[in-house]
Asks: 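Once you've had a glance at the structure underneath, I'll fire off some questions.
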Amino acid sequence: MSHKKEGVCFTCTPEQEAALKKVIADLKDTDGALMPILQHAQEIFGYLPIEVQTMISNETGIPLEKIYGVTTFYSQFSLQPKGQYRVSVCLGTACYVKGSGEIFKKIEELLGITNGECTPDGKFSLDSCRCVGACGLAPVMMINDEVYGRLTVDDIPAILAKYE
Ligand code: FES
């Protein structure tokens, strides 16, 4: 983990903390409560930094190692914050054979982050994804809800520059 860039510092508002405590109080005595608690926590905070996992452990009595095991196993959970602009490159088969791996590398190089990370200013985060159902436009990437298709590596600097 030490190679990771420092992300945006984690901050927790009293409202977020109260919302999390309420979710835990409502769910904690039901079977299999951990998954829904984590899902709600991610909705409240946007991601699940270790500070949030520790709060959940303290409130539920579930060991932190167990919580960490779940959050790192399921790809629906993010331990890193997402950027204001969420860049997502499709590495599904149709996109991959048309060069989306190279596009992904170019974005890593330009933003200085890798899969699952967020730039220190909180502006961009980068993720790979599976087929987004736009194979006819391969290779495809998305920035928030905007879809970019038939990309070449040379298109990438100008596209990212629009969001700078
Ligand atoms: S494989 Fe990329 S959109 Fe289908």
Side-chain angles (χ1 to χ4, degrees), residues 1-12 16 19-20 23 27 32-53 56 65-164:
M1 293 273 272
S2 56
H3 71 283
K4 297 239 178 214
K5 294 202 178 267
E6 288 287 313
V8 181
C9 289
F10 173 69
T11 50
C12 169
Q16 287 173 316
L20 179 62
V23 163
L27 290 169
L34 183 56
M35 285 299 278
I37 289 174
L38 291 172
Q39 283 156 351
H40 283 291
Q42 183 157 277
E43 277 165 30
I44 293 167
F45 295 96
Y47 69 118
L48 295 174
I50 205 71
E51 292 89 341
V52 170
Q53 298 186 49
I56 294 170
E65 306 80 70
K66 178 165 181 205
I67 295 174
Y68 187 74
V70 171
T71 55
T72 49
F73 181 78
Y74 291 99
S75 60
Q76 63 176 287
F77 297 124
S78 174
L79 276 65
Q80 298 281 326
K82 295 294 166 207
Q84 180 187 358
Y85 300 113
R86 299 182 311 278
V87 181
S88 187
V89 179
C90 178
L91 296 183
T93 309
C95 288
Y96 196 79
V97 297
K98 294 217 167 175
S100 65
E102 291 307 310
I103 285 164
F104 192 83
K105 270 195 221 141
K106 183 72 183 174
I107 298 171
E108 283 183 312
E109 182 192 312
L110 289 171
L111 295 181
I113 54 175
T114 189
N115 203 3
E117 291 186 343
C118 179
T119 53
D121 62 2
K123 202 149 193 193
F124 292 99
S125 53
L126 175 61
D127 288 289
S128 58
C129 63
R130 299 294 163 128
C131 181
V132 292
C135 306
L137 297 177
V140 168
M141 76 168 177
M142 294 181 68
I143 300 184
N144 294 351
D145 294 329
E146 193 88 22
V147 178
Y148 294 91
R150 302 202 176 96
L151 293 168
T152 67
V153 169
D154 294 341
D155 294 334
I156 302 302
I159 293 174
L160 293 181
K162 291 203 309 191
Y163 297 87
E164 293 288 358

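Read the numbers this way: they start at 1 and go in the same order the structure lists the ligands and their atoms.
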Asks: Please work out whether the ring planes of Y85 and F124 are parallel, tilted or perpendicular, with thresholds of 30° and 60°.
Replies: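 Y85 and F124: tilted rings.
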Asks: Listing residue and atom name, which protein N/O/S atoms are closer to atom 2 (Fe) of ligand 1 than 2.8 Å?
Replies: C90 SG, C95 SG
Asks: Donor-acceptor pair, distance only, cut-off 3.5 Å: does the side chain of Q53 make one with the backbone of L48?
Replies: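 Between the backbone of L48 and the side chain of Q53 there is a qualifying donor-acceptor contact (under 3.5 Å).
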Asks: Verify the distance criterion only: is there a donor paired with an acceptor across the side chains of T152 and D154 at less than 3.5 Å?
Replies: no
Asks: Taking only Lys NZ, Arg NE, NH1 and NH2, and the carboxylate oxygens of Asp or Glu, determine whether E109 and K106 approach each other closer than 4.0 Å.
Replies: yes
Asks: Between the side chain of Q80 and the main-chain N/O of S125, is any donor-acceptor distance below 3.5 Å?
Replies: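 Absent.
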Asks: Please determine whether a side-chain nitrogen of the Lys or Arg among R150 and D155 lies less than 4.0 Å from a carboxylate oxygen of the Asp or Glu.
Replies: no
